[in-house]
> 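Got a structure for you, questions after.
Proteins get letters first, then strands, A, B, ... in listed order; numbering begins at 1 in each.
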Protein chains: 2
Amino acid sequence: MEESIHDFEKPSLTADIVIFTIEGGELKVLLVKRNISPFKGGWAFPGGFVRIDESLEDAAKRELEEEAGVRDVYLEQLFSFGEPKRDPRGRVVTVAYMALVNSEGIELKAATDVSDAKWFSIKDVPSLAFDHKEILEYSLKRLKWKFEYTTVAFSLLPKKFAISEVQKIYEMVFNKSFDKRNFSKKIISLGILKEEGLRKNVSHRPPMLYSLKKNVGDIVEII
Amino acid sequence: MEESIHDFEKPSLTADIVIFTIEGGELKVLLVKRNISPFKGGWAFPGGFVRIDESLEDAAKRELEEEAGVRDVYLEQLFSFGEPKRDPRGRVVTVAYMALVNSEGIELKAATDVSDAKWFSIKDVPSLAFDHKEILEYSLKRLKWKFEYTTVAFSLLPKKFAISEVQKIYEMVFNKSFDKRNFSKKIISLGILKEEGLRKNVSHRPPMLYSLKKNVGDIVEII
DNA sequence: TGAATAGTGTCTTTCAGACAATATGCC
DNA sequence: GGCATATTGTCTGAAAGACACTATTCA
């Protein structure tokens, strides 16, 4: 006999989001300060309960807008975390998402920011509430993977960017440096970039700016 | 003010599993026939409600044993599906898993099988209940990805296997054929296999058998 | 002309991919 | 010997990686 939908006590369901951005030449994540128990005063990823009539992705998008003031950014489901004891309040399963926000989006965010939220460099993340450390580690692994095999990196950059900026974010994520000549050769040979003219108002040789071509398939081997 | 765990109606939570195996030279998945509404009489992936005190992975393992009679097999969380209307009974979010069972495990399964479950060739899957077609497509994408970059393929083979058997399952999953010389050159050069002597009782030249070395890291570029 | 960053070419090595002949075991 | 399958090597072309000098803009 098949089990009924009413036979079991239900866990609560939340969506948590690891929001990455580049700021001041560093890879950062957004954390919010918890103002109630448990982990009161501790830092955690933005998140909240999934409403009964919204999809998981919609919940993530709602949180993204409520807590970071951004929309229409790269968003990807990562993993669901459901250890029975992960939340002291009771059984709470969370669906973790990862979002990539570019440095243009972040200006908007700063204006909208009313909560106690703060960007932390990935090298300087405080201890986190719940199992959010595990979520962070998972997200970093996924980010590297995605950087290697897809064009998500460009989601962290403004529409027009210089090759050296692309290289910088790759060096940040992989935590190693690449040869300038080989890197630009590789990126340009992919055929996914469009020239957008020279950058203005810099006090040195201005770099060519590029944008990501429309309709570039998601999967391209990058590095 | 932070939201309370009691403020929201909770969705039901299930775990569904796409169980892959190789049988008769074909890649197959296990489907169970639904004997109650909705989709009564239809085929779906094995699955069930996550108990309030078990982890997501434990729920998947339990289903795996209850419905397929296997344990200690390769198991990986795929994705959580949570469209509000995906289940006509109400709000049900499912965490999809993928399991890989080798042809030795499958013999056990046949003995334990008491439910109306059946293995379907991937080329011959009937129409599926709920959004299980989407789950199947997702799992096939993930399977290819994993075959390309990790050693999961060996989970579909018995402990000792011939190179030609490895090649066959790669050809199945990628749906194309590889050159025998290049394939074995590549697989052997990875340094992840141990020779186990010749196969016995075959009426032609016997192949060398190999096993996967212990402690082989998960990620190795295969193809 | 000095400071700062951009842009570019060659060589070597490695790896993927095309390609076919010989070896072994059993009947 | 015939059948069935296993095993093995070479060549070519493409891409990765090492490596350093010249170009441009502005102050």
> Tell me the interatomic distance from A/I222, atom CD1, to D/dA16, atom P, rounded to whole angstroms.
11 Å

> With side chains defined as the heavy atoms from C-beta onward, is the minimum distance between A/L212 and A/L193 less than 4.5 Å?
yes

> Let me know, please, whether A/R199 or A/D179 comes out on the 5' side of the other along DNA chain C by nearest nucleotide.
A/R199

> Name the atoms and distances for all side-chain donor-acceptor pairs under 3.5 Å in residues 194-208 of chain A, with sequence neighbours left out.
residue: A/E196; atom: OE2; partner: A/S211; partner atom: OG; Å: 2.6
residue: A/R199; atom: NH2; partner: A/E165; partner atom: OE1; Å: 3.2
residue: A/R199; atom: NH2; partner: A/E165; partner atom: OE2; Å: 3.4

> Short of 4.0 Å, heavy atom to strand atom, which residues of residues 203-210 of chain A count as contacting DNA chain C?
A/H204, A/R205, A/P206, A/P207, A/M208

> With a 6.0 Å cut-off on ring centres, are A/F130 and A/F81 close enough?
no

> Within this structure, what is the CZ-to-P distance between B/F161 and D/dA6, rounded to whole angstrom?
14 Å

> Take atom CZ of A/F178 and atom P of D/dA18, then tell me their distance rounded to the nearest Å.
11 Å

> Angle between ring planes, A/W43 versus A/F120, binned at 30° and 60°: parallel, tilted or perpendicular?
perpendicular

> With under 30° as parallel and over 60° as perpendicular, where do the rings of A/F161 and A/F154 fit, or are they tilted in between?
tilted

> When the distance from CG of B/L198 to C1' of C/dG25 is rounded to whole Å, what number comes out?
10 Å

> Report the distance from atom NZ of A/K176 to atom P of D/dA18, rounded to the nearest whole Å.
9 Å

> Is it true that A/R142 and A/E76 have a side-chain N and a carboxylate O under 4.0 angstrom from each other?
yes

> Nearest whole Å is fine: how far is C/dA16 P from B/E221 CD?
9 Å

> Relative to each other, are the rings of A/Y149 and B/Y149 parallel, tilted or perpendicular (30° and 60° limits)?
tilted

> With under 30° as parallel and over 60° as perpendicular, where do the rings of A/F178 and A/Y170 fit, or are they tilted in between?
perpendicular

> Which ones in residues 182-190 of chain A lie close to DNA chain D, meaning a heavy atom under 4.0 Å from one of its atoms?
A/N182, A/K185, A/K186

> How are the rings of A/F147 and A/F174 set to each other: parallel, tilted or perpendicular (split at 30° and 60°)?
perpendicular

> Roughly how many Å is it from CZ in A/R181 to P in C/dT5, rounded to a whole number?
18 Å

> Check the distance between C/dG17's P and B/Q167's CD and give it to me in whole angstrom.
13 Å

